[in-house]
Visitor: 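Following this message is one structure expressed as structure tokens.
Everything numeric in this text was worked out from a predicted model, so none of it was measured. In what follows, residues are counted from 1 in the order of the sequence shown.
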Amino acid sequence: MAAPLYTATSTAWGGRDGRVVSNDNRIDLQLSMPKGLGGDDGPGTNPEQLFATGYAACFHGALKAVARERKIDVTDSAVTVSVSISRTDEGLDLSTRIEAQIPGVDPATGRELLDLAHAKCPYSRATRGNIAAEVTLVDGDS
């Protein structure tokens with residue numbers, strides 16, 4: 001295994017109805033169980049929201065990197081990641097939907113950039129083959 005460039009560490013107490021704190025205290029969040037999973041939909045966040053947030057930021061970074069390599073301006077781009085949890089015969093499974101808006105870039109180039117970003121993004125690479133993932137280029141007006 002390669003030497004880490006950076007390591008993030010967080011600790012959770014109480015599972016989905018508890019609290020999560022990063023070792024540097026930059027994250028200190030209450031967790032609440034969503035109604036869809038049998039909870040009370042309390043004021044806290046949940047693991048799926050945290051995963052979607054991290055994945056969106058990481059994927060957008062990968063998109064910007066591959067665009068920069070090709071000298072394509074993606075200044076006004078945005079990436080939205082939806083993380084779903086579903087019950088299957090094996091238990092609970094995750095799936096993701098990645099939607100990217102890349103204004104000013106033609107659809108064929110946008111699709112190429114998304115494919116390259118999906119190949120480069122560490123979150124995409126870590127989950128590839130483990131969870132269903134859909135990557136979509138959406139109109140900037142959507």
Side-chain angles (χ1 to χ4, degrees), residues 1-70 72-105 107-142:
M1 183 184 301
L5 300 174
Y6 171 75
T7 300
T9 304
S10 289
T11 303
W13 296 268
R16 289 179 166 273
D17 288 314
R19 182 174 154 232
V20 64
V21 178
S22 63
N23 67 320
D24 60 5
N25 293 309
R26 290 182 184 187
I27 296 173
D28 186 343
L29 299 170
Q30 179 181 351
L31 300 173
S32 297
M33 180 86 77
K35 278 188 181 179
L37 296 177
D40 65 359
D41 217 17
T45 188
N46 62 65
E48 291 72 34
Q49 288 176 327
L50 294 169
F51 183 56
T53 300
Y55 202 161
C58 187
F59 194 95
H60 197 222
L63 175 64
K64 289 172 59 177
V66 297
R68 188 171 43 255
E69 290 167 2
R70 284 157 184 70
I72 299 171
D73 182 12
V74 295
T75 301
D76 295 325
S77 61
V79 172
T80 301
V81 174
S82 300
V83 174
S84 299
I85 189 165
S86 305
R87 190 170 306 284
T88 67
D89 291 339
E90 292 80 34
L92 297 175
D93 281 346
L94 294 177
S95 61
T96 60
R97 178 175 170 81
I98 301 164
E99 296 178 314
Q101 296 176 5
I102 313 175
V105 174
T109 301
R111 183 72 245 172
E112 179 185 356
L113 291 174
L114 287 184
D115 291 343
L116 292 167
H118 195 44
K120 184 178 194 102
C121 173
Y123 276 59
S124 293
R125 292 176 53 220
T127 59
R128 187 169 290 117
N130 295 313
I131 64 173
E134 181 181 357
V135 181
T136 305
L137 179 65
V138 296
D139 186 306
D141 298 327
S142 295

Visitor: Return the CG to CG distance between L116 and L114, rounded to the nearest 0.5 Å.
Guide: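 It comes to 9.0 Å.
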Visitor: Are the side chain of T53 and the backbone of Q49 linked by a donor-acceptor contact shorter than 3.5 Å?
Guide: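 Such a contact is found between T53 side chain and Q49 backbone.
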Visitor: Apply the test salt bridge (charged side-chain N to carboxylate O under 4.0 Å, His left out) to residues D28 and R19: give CA-CA distance (whole Å), side-chain angles for both, the deciding distance (0.1 Å), then the verdict.
Guide: CA-CA 7 Å; D28 186 343; R19 182 174 154 232; 2.8 Å; yes
Visitor: Quick check: does any side chain N or O of N130 sit under 3.5 Å from a backbone N or O of A126, one acting as donor and the other as acceptor?
Guide: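 Yes, the answer is positive, given that a donor and an acceptor are paired below the 3.5 Å cut-off.
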Visitor: Under 3.5 Å, is there a donor on one side chain and an acceptor on the other for Y55 and S124?
Guide: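 Yes - a donor-acceptor pair under 3.5 Å links their side chains.
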Visitor: Within a radius of less than 6.0 Å around CZ of R125, do more than 12 heavy atoms belonging to other residues, nucleotides or ligands occur?
Guide: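 Check fails, neighbour count at 12 or below.
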Visitor: I'd like to know if the side chain of R16 reaches the main chain of P47, judged simply by a donor and an acceptor atom lying under 3.5 Å from each other, with no hydrogens or angles considered.
Guide: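 Judged by distance alone, no pair lies under 3.5 Å.
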Visitor: Distance check, rounded to the nearest 0.5 Å: E112 atom CD versus I72 atom CD1?
Guide: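 Those atoms lie 6.5 Å apart.
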Visitor: Please answer whether the main-chain N or O of I27 pairs with a side-chain N or O of S22 as donor and acceptor at a distance below 3.5 Å.
Guide: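 Indeed, once roles are kept as given, a pair shorter than 3.5 Å links the two residues.
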Visitor: How long is the span from the CD1 atom in I102 to the CG atom in D139, to the nearest 0.5 Å?
Guide: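 One gets 12.0 Å once the value is rounded to the nearest 0.5 Å.
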Visitor: Out of curiosity, L37 CG to S32 OG, how far, rounded to the nearest 0.5 Å?
Guide: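 Atom-to-atom, L37:CG and S32:OG are 12.0 Å apart.
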Visitor: Ion pair present between E69 and K64, side-chain N to carboxylate O less than 4.0 angstrom?
Guide: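 K64 and E69: not salt-bridged.
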